[in-house]
Amino acid sequence: MLSKEAASVAVFILKLFPDINAYYDIMPESFKSPAVYFPCVMSETSGDTLNSFSVKYSEQIKFFGRSKQEAFDFAQRALLSLKAEKNLVSLVEKNGVQTREKFRLCEPSIETDGLYCAALNVSWIDYLPFGSTENNKMEKAYLEFVVRN
């Protein structure tokens with residue numbers, strides 16, 4: 001299961017690279033390069049106001065290429081595309097349709113990670129009222145169906 005935001009980031013990236021092999025949650029040992037890997041999203045909470053708290057979500061999206069430079073080029077293209085959109089990403093609904101609603105990423109960054117890998121670090125902050133248990137999840141299988149079209 002992915003959050004709407006994580007699914008929306010994945011759709012944004014996969015539209016840039018329609019021919020790249022995409023993997024979610026688990027990266028198989030026999031993956032095919034070039035590839036992009038969307039790991040589980042990490043989260044940490046902190047207080048916001050007397051009535052709310054914030055959750056910072058972060059994801060280290062890994063690009064794999066035939067060389068370190070190719071992996072970096074994939075990550076750089078994704079980063080510059082996000083910056084061109086002012087770090088705004090359109091939310092994707094459960095039916096796969098992009099909405100007019102957008103959310104803002106915190107400053108994305110790139111780091112190289114191994115011989116054939118570069119990571120695009122993205123994060124965003126959600127503000128929730130105390131007592132909220134809302135968790136907008138989207139089925140992973142549906143996302144895989146949507147992005148492969």
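Residues take their numbers from the sequence shown, with the count starting at 1. As the structure is a computational prediction, the values presented were derived from the model and not from experiment.
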### Side-chain heavy-atom pair Glu93, Lys4 within 4.5 angstrom cut-off
yes
### Query
Restricting to pairs with a member in residues 67-97, which pass ring-ring contact (aromatic ring centres under 6.0 Å, His included), not counting sequence neighbours?
Phe17-Phe74
### Query
Any side-chain heavy atom of Val11 within less than 4.5 Å of one from Lys15?
yes
### Qualifying salt bridge (Lys or Arg N to Asp or Glu O under 4.0 Å) pairs with a residue from residues 51-70, counting only residues at least two apart or across chains
Lys62-Asp113, Arg66-Glu70
### Message
Count I, L, V, M, F, W, Y as connected when their side-chain heavy atoms are under 4.5 Å apart, and connections chain through other members. Are Leu88 and Phe12 then in the same cluster?
### Response
no
### Query
Do Asp25 and Phe38 come close enough that some side-chain heavy atom pair is under 4.5 Å?
no
### Query
So does Met42 have more than 12 non-hydrogen atoms from other groups sitting under 6.0 Å from CE?
no
Show me the side-chain donor-acceptor pairs of residues 114-131 shorter than 3.5 Å, one per line, residues at least two apart or across chains.
unit_1	atom_1	unit_2	atom_2	d
Asn121	OD1	Gln60	NE2	3.1
Asn121	ND2	Ser109	OG	3.4
Asn121	ND2	Glu111	OE1	3.0

### Message
According to salt bridge (Lys or Arg N to Asp or Glu O under 4.0 Å), does anything in residues 96-110 pair up with another residue at least two apart or in another chain? List the pairs.
### Response
Lys83-Glu107
### Message
A side-chain contact here means heavy atoms from C-beta on lying under 4.5 Å apart; do Leu91 and Glu5 qualify?
### Response
yes
### Message
Test of understanding: with side chain to side chain donor-acceptor pair (under 3.5 Å), list the residues that count as partners of Glu85, not counting sequence neighbours.
### Response
none
### Message
My understanding is that only residues two or more places apart in sequence, or in another chain, count here; which of them pass side chain to side chain donor-acceptor pair (under 3.5 Å) with Ser43?
### Response
none
### Query
With a 4.5 Å limit on heavy-atom distance, are the side chains of Tyr57 and Val9 in contact?
no
### Query
CG/Leu79 to CG/Asn87 distance, rounded to the nearest 0.5 angstrom?
8.5 Å
### Task
Report the C-alpha separation of Gln76 and Leu80 in whole Å, then their side-chain angles, then the decisive distance to 0.1 Å, and conclude whether the side chain to side chain contact (heavy atoms under 4.5 Å, CB included) test is met.
CA-CA 6 Å; Gln76 181 78 353; Leu80 295 177; 3.8 Å; yes
### Task
Report yes if the side chains of Val89 and Leu82 come closer than 4.5 Å at any heavy-atom pair, otherwise no.
yes
### Between Tyr23 and Tyr37, ring centroids under 6.0 Å
no
## Note on the structure
Between the CZ atom in Phe103 and the OG atom in Ser8, the distance rounded to the nearest 0.5 Å is 5.5 Å
## Note on the structure
Nearest heavy-atom contact between Ala78 and Phe63 is CB-CZ, 4.0 Å
### Leu14 vs Val36 side-chain heavy atoms within contact, under 4.5 Å
yes
